[in-house]
**Student:** 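Let me give you the structure first, and then I'll get to my questions.
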Number of protein chains: 2
Amino acid sequence: MQIALTTAGNEIASAAARCAYGQPIRRAPESPALGSTRTFAKGAEIYAEGDRAAFIYKVASGAIRTSKLLSDGRRQIDAFHLPGDIFGIEAGDEHRFSAEAIGEATVIAYRRCSLEILAANDSVVARQVVTAMMRALERAQNHMLLLGRKSAMEKIATFLLDLAGRISENGQVDLPMSRIDIADHLGLTIETVSRSLTQLERQGAIEVPAHRRSIVLRDTAALRRLDD
Amino acid sequence: MQIALTTAGNEIASAAARCAYGQPIRRAPESPALGSTRTFAKGAEIYAEGDRAAFIYKVASGAIRTSKLLSDGRRQIDAFHLPGDIFGIEAGDEHRFSAEAIGEATVIAYRRCSLEILAANDSVVARQVVTAMMRALERAQNHMLLLGRKSAMEKIATFLLDLAGRISENGQVDLPMSRIDIADHLGLTIETVSRSLTQLERQGAIEVPAHRRSIVLRDTAALRRLDD
DNA sequence: CGTGTTATTGACTTCATTCAAATTAGGTGG
DNA sequence: CCACCTAATTTGAATGAAGTCAATAACACG
C-alpha cells in the first residue's frame with residue numbers, strides 16, 4: 001500500500017491518508033492533498049510564523065531555513081534542513097517559525113493532523129514523527145550550549161563539523177547558505193563569521209576556495225579540539 | 001485502574017506498568033519499580049550526562065536544573081523544572097543532560113521504556129510524553145532566540161516574566177535558584193545578572209527584597225517591552 | 001557573633017559588534 | 001569575451017556590551 005506520488009519507503013504519506021480519512025485510501029497520483037511536491041525559488045517563504053500548520057514537510061532537494069524574528073528584526077535561525085530532513089512539526093495548530101527556501105528547493109508536503117491522533121492511530125508514523133521531533137529537540141539542546149557558552153571560533157568549528165557530518169564528500173562542505181544565515185544561526189554577525197573563517201584558514205584548519213561557498217576541512221582534529 | 005503509589009490522575013505510571021509487563025499489573029504500594037518518590041538534598045545529582053536513562057521524572061516539590069557541560073567546565077542550564085514538570089525524557093538510551101536538585105526536592109521516578117514502544121502501545125501515555133517533549137522543544141526553541149539574539153537586560157526580563165508565569169503569586173516571584181544558575185541558564189555571568197537586576201530595580205521595573213531570593217514585578221509592561 | 005556562602009559593586013579588559021571601505025563573485029547585456 | 005552592475009564577502013578601525021578580576025557587602029547558620 002504505497003501512494004504513487006510519495007518517495008519510496010515513505011510511511012508518512014500512507015499514515016496521513018489514514019489520518020485524514022479513517023482508513024487508507026488509494027489516491028490518484030495527481031492528487032495534491034498529500035505527499036505533494038512543491039518547488040520554491042531562492043528566498044521564497046514556505047510558511048510564516050503564525051501561519052496555520054496544515055502540513056509537515058520533507059526536504060527533497062535544496063536547503064530550508066527555519067527562523068524566528070524579534071520585533072526589531074533580529075533573527076535566530078533555528079536550523080537548516082537538508083534533503084531527507086523533516087521540518088514544520090508543531091505541537092499547536094500554528095507554526096512557531098517561518099520557513100524559507102535558501103536556494104531553489106523542492107519539498108514534499110504532507111497533510112498534517114493532530115499529532116496526538118496520529119500517534120494514537122498509527123505506530124509507524126508515530127515513530128517517524130516522534131523521531132523527527134526528538135532529533136529537533138536534541139539539535140536544539142546542543143545548540144543552546146553553543147549559543148550560550150561557546151566563543152565565535154568554537155561556534156564556527158562546531159557548525160562546520162556538524163555540516164560536514166551531514167553533507168560532506170571527502171572533507172569538502174558545500175555551503176548552501178550565506179554568511180548572514182550562518183551568523184543568524186550561530187548568534188554572530190557576518191563580519192565575525194568571516195573573520196573566524198579567515199582565522200581558521202590562517203591556522204590551516206580549513207581552506208576556503210575562491211567562490212567562498214564551499215569549505216575544505218583540512219584539519220578536523222583541530223576543529224574537534226575547538227568543538228568541545 | 002490506578003496504582004496506589006502514584007499521584008492521582010497520573011497516567012504515566014499505569015502505562016509504564018503496561019510497558020514493562022505487557023499488560024497492566026497491580027503492584028503492592030511499597031514496590032519501588034515505578035512511580036516511586038525520591039527526595040534529594042540541595043545540589044544532589046539525580047542523574048549525570050551519559051547515565052543510562054532508566055527513568056523519567058516528575059517534580060513533586062522543589063526545583064530541578066538540567067544542564068550540559070563543556071570540557072572546560074562552562075555550563076549551560078537547559079531548563080529549570082518546577083512542581084508538575086516532567087523531565088528526563090530521552091530519545092536514546094542515555095541522558096544527554098545532568099539533573100540536580102536546586103534546593104531540597106522530591107521527584108517521582110517512573111520506569112521508562114523505549115518511547116517508540118510507549119507511543120505504539122498506549123495512546124494516553126503517548127499523548128502525555130509527546131506533549132512533554134513538545135513543551136521541551138518549544139522551550140528550547142524560544143530559548144535559542146534568547147541566547148542567540150537578546151541583550152542581557154532582555155534576557156533577564158524574559159526570564160522573570162517566564163518564571164512569574166509559572167510560579168508567581170501576585171507579582172512576587174520566589175527564585176529557587178542562585179545567580180550562578182540564572183547566569184548559566186541565560187548565557188551570562190553572575191555579575192551581569194546582578195547588574196541587570198540592579199538596573200531594572202533602578203528603572204522601577206522590579207523590586208528586590210533584602211534576602212535577594214525573591215523579586216517583585218512592579219512594572220510588567222516595562223518588562224514585556226524588553227521581552228520582545 | 002564569627003564563618004562561609006552568595007550577591008553586589010567597581011575598575012579594567014576583551015571579544016564581538018558596529019560602522020565604513022575595499023574587494024570579489026556572479027550575472028547581464030553589449 | 002569583456003565591461004558593468006549588484007550583491008556577497010572580506011577587511012580595517014573604533015566602539016561597546018559583557019566578561020574578568022578584585023574587593024566589599026549582605027545573609028544564613030551554627
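Below, chains carry the letters A, B, ... as their sequence lines are ordered, and counting in each starts from 1.
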**Student:** What is the separation between atom CZ on B:Arg202 and atom P on C:dT8, rounded to the nearest whole Å?
**Tutor:** 12 Å

**Student:** Just to be sure I understand the rule, does A:Leu188 reach a base, reach only the sugar-phosphate, or reach nothing, if contact means heavy atoms closer than 4.0 Å?
**Tutor:** sugar-phosphate

**Student:** Please report, rounded to the nearest Å, how far the P atom of D:dA17 is from the CZ atom of A:Arg74.
**Tutor:** 12 Å

**Student:** Take the protein atom CD1 of A:Ile156 and the nucleotide atom C1' of C:dC15, then report the distance between them rounded to whole Å.
**Tutor:** 14 Å

**Student:** Mind checking the OH-CD1 spacing from B:Tyr57 to B:Ile64? Nearest 0.5 Å is all I need.
**Tutor:** 10.0 Å

**Student:** To the nearest Å, give me how far apart CD (A:Glu191) and P (C:dT17) are.
**Tutor:** 8 Å

**Student:** Could you walk me through whether B:Arg149 and A:Asp184 satisfy the salt bridge (charged side-chain N to carboxylate O under 4.0 Å, His left out) test, starting with their C-alpha distance in whole Å, then the side-chain angles of each, then the deciding distance to 0.1 Å, before giving a yes or no?
**Tutor:** CA-CA 8 Å; B:Arg149 286 296 177 222; A:Asp184 284 349; 2.8 Å; yes

**Student:** Closest heavy-atom contact between B:His185 and B:Gln76?
**Tutor:** O-NE2, 3.0 Å

**Student:** Using whole Å, report how far CD1 of A:Ile190 lies from P of C:dA25.
**Tutor:** 17 Å

**Student:** For A:Phe80, is the NZ or CZ atom of A:Arg166 found under 6.0 angstrom from the centre of its six-membered ring and inside 45 degrees of the ring axis?
**Tutor:** no

**Student:** How many Å lie between CZ on B:Arg149 and C1' on C:dT17, as a whole number?
**Tutor:** 10 Å

**Student:** To the nearest angstrom, how far is A:Glu201 atom CD from D:dT10 atom C1'?
**Tutor:** 11 Å

**Student:** Could you tell me whether the phosphate oxygens of C:dT6, OP1 or OP2, come under 4.0 Å of any side-chain nitrogen or oxygen in B:Ser178?
**Tutor:** no

**Student:** Are any of B:Arg213's side-chain N or O atoms less than 4.0 Å away from OP1 or OP2 of D:dA28?
**Tutor:** no

